[in-house]
Amino acid sequence: MCIPAAALFIVLFLLYGPYNGFRLMWINTAMYSSRHKFLARMFYTERYIQRVLALNEPASQLTTDDSELDHNWNDDTIFVEIRGNHFRGFIIKINDPRRLAFVQSDSPTGNVLEYLVEKYGGTGGINASGYVDPRQRGGAWGITIADNQIISQITRGNRHVMGGFNGDYKLVVGNFSEDEIIAQDYRWAFEFGPLLIVNGEKTELTDFSGGLAPRSAIGQTAEGHVLLVAIDGRQAASIGATFQDVQTVLYANGAVNAINLDGGSSTTIVYQEVVANNPADGDAERLLPNAIIFN
């Protein structure tokens, strides 16, 4: 009888006690998952949950400036394993941003990353934006732009956290109105987030931002080199990373602009036409609405 009572006391202390670290991590981890939001809502009110999540909302003025890239480009590609205290993953550095493309699923249910890389003649890539319907993952959530045209606009709100490449192959990230999005002259872009680095400065993120989960992200250095990051999670060898963890990795590798991509079970990275990481769903790769690939 004493053991269950003691266990209950520990759980209640962690969930409602004076130390808010566990509470914030619990809420972030649950709410940034497509499957496990109920784990937050069963203990906390929606109002409190939204207050916690609002701590990571981007400031409206955050936007990539109009400085020029150094254009120190060549055909080099670097693939490196990364490790943290509670995660492992990979980073790919593509020196020439012109090698990247933003490709779309050809199926309403979505495609796995390997298929998209092969179909569009790439050698590697990473998952990109989120999906609207978990049963029909071919439809992207948010505003997506390809070939300088808006191809989908399933979103809400007056402002949109965007990332994508303009006519000068510069990664432009920011929190935009629809008119401001058009003014960016995007070659291709997607709506997701949060923003991680803007104009060489880390955005303000809490220690518990996003909770611990698989993560994907893209960044660009001042020279124009592109960084693709994928971190495994929800497994013994790699519990997962917070948004702040990913921000730290990208900043340490020279990113001056960076944005988070869809994570969770969607996190997949392909290098030399082979899946390099361990997606959270194991052998069942997540179907994706789109991807960023490179040749």
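Predicted model, so just to flag it, every value in this text is computed and none were measured.
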Taking all heavy atoms of [X] and all of [Y], pick out the closest pair and write down the distance.
{"X": "E285", "Y": "L113", "value": "OE1-N, 3.8 Å"}
{"X": "L288", "Y": "S105", "value": "O-CB, 3.5 Å"}
{"X": "G233", "Y": "A280", "value": "O-CB, 3.9 Å"}
{"X": "F90", "Y": "N277", "value": "CE1-CA, 3.8 Å"}
{"X": "Y186", "Y": "I181", "value": "CD1-O, 3.9 Å"}
{"X": "A241", "Y": "H86", "value": "CA-CE1, 4.3 Å"}

Expected output: side-chain [X] to main-chain [Y] donor-acceptor under 3.5 Å:
{"X": "T144", "Y": "I151", "answer": "no"}
{"X": "Q104", "Y": "N290", "answer": "no"}
{"X": "W141", "Y": "D133", "answer": "no"}
{"X": "S209", "Y": "T206", "answer": "yes"}
{"X": "N260", "Y": "G193", "answer": "yes"}
{"X": "Q247", "Y": "L196", "answer": "yes"}
{"X": "T221", "Y": "H225", "answer": "yes"}
{"X": "E191", "Y": "G142", "answer": "no"}

Next item on the list: Determine, step by step, whether Y131 and S266 satisfy the side chain to side chain contact (heavy atoms under 4.5 Å, CB included) criterion, reporting the C-alpha distance in whole Å, the side-chain angles of both residues, the deciding distance to 0.1 Å, and the verdict.
Entry: CA-CA 10 Å; Y131 48 84; S266 296; 3.9 Å; yes
Separation of [Y] [atom2] from [X] [atom1] (nearest 0.5 Å):
{"X": "F102", "Y": "D147", "atom1": "CZ", "atom2": "CG", "result": "10.5 Å"}
{"X": "F176", "Y": "L62", "atom1": "CZ", "atom2": "CG", "result": "9.5 Å"}
{"X": "L212", "Y": "R234", "atom1": "CG", "atom2": "CZ", "result": "10.5 Å"}
{"X": "K202", "Y": "L195", "atom1": "NZ", "atom2": "CG", "result": "15.5 Å"}
{"X": "N257", "Y": "L227", "atom1": "CG", "atom2": "CG", "result": "11.0 Å"}
{"X": "T63", "Y": "D65", "atom1": "OG1", "atom2": "CG", "result": "9.5 Å"}

Checklist line | Candidate pair D281 and S265, rule side chain to side chain donor-acceptor pair (under 3.5 Å), full reasoning | finding: CA-CA 6 Å; D281 282 352; S265 298; 2.9 Å; yes
Does a salt bridge link [X] with [Y], judged by any charged N lying under 4.0 Å from a carboxylate O?
{"X": "R159", "Y": "E180", "value": "yes"}
{"X": "D96", "Y": "R98", "value": "yes"}
{"X": "D106", "Y": "K119", "value": "yes"}

Would the number of heavy atoms belonging to other residues, nucleotides or ligands and lying under 6.0 Å from [atom1] of [X] be above 12?
{"X": "D76", "atom1": "CG", "value": "yes"}
{"X": "E223", "atom1": "CD", "value": "yes"}
{"X": "E68", "atom1": "CD", "value": "no"}
{"X": "Q235", "atom1": "CD", "value": "yes"}

Notebook entry, point to check: Run the side chain to side chain contact (heavy atoms under 4.5 Å, CB included) check on V173 and L171 step by step: do they pass?
Noted result: CA-CA 6 Å; V173 302; L171 176 61; 4.0 Å; yes
Is there a donor-acceptor contact under 3.5 Å linking the side chains of [X] and [Y]?
{"X": "R99", "Y": "Y169", "value": "no"}
{"X": "E178", "Y": "Q153", "value": "yes"}
{"X": "S129", "Y": "D262", "value": "no"}
{"X": "N95", "Y": "N74", "value": "yes"}
{"X": "Q244", "Y": "T242", "value": "no"}
{"X": "S67", "Y": "K170", "value": "yes"}

If you group Ile, Leu, Val, Met, Phe, Trp and Tyr by side-chain heavy-atom gaps below 4.5 Å, do [X] and [Y] land in one group?
{"X": "Y32", "Y": "F43", "answer": "yes"}
{"X": "W73", "Y": "I94", "answer": "no"}
{"X": "Y120", "Y": "Y271", "answer": "no"}
{"X": "L205", "Y": "L24", "answer": "yes"}
{"X": "I92", "Y": "V275", "answer": "no"}

Kindly indicate whether the side chain of [X], heavy atoms from C-beta on, has any atom under 4.5 Å from the side chain of [Y].
{"X": "E118", "Y": "E273", "answer": "no"}
{"X": "N148", "Y": "D185", "answer": "yes"}
{"X": "F87", "Y": "D245", "answer": "yes"}
{"X": "E114", "Y": "V117", "answer": "no"}
{"X": "F208", "Y": "T29", "answer": "no"}
{"X": "N278", "Y": "R88", "answer": "yes"}
{"X": "Y48", "Y": "R51", "answer": "yes"}
{"X": "T267", "Y": "S216", "answer": "yes"}

Next item on the list: Check the pair N199, V256 against side chain to side chain contact (heavy atoms under 4.5 Å, CB included), reporting the backbone distance first and the verdict last.
Entry: CA-CA 5 Å; N199 301 322; V256 294; over 6 Å; no
Notebook entry, point to check: F165 ring centre to R187 NZ or CZ under 6.0 Å, with the angle to the axis within 45°?
Noted result: no
Margin query: side chain to side chain contact (heavy atoms under 4.5 Å, CB included), that's the test. Do K93 and F79 meet it? Break it down for me.
Written below: CA-CA 7 Å; K93 181 180 180 181; F79 176 76; over 6 Å; no
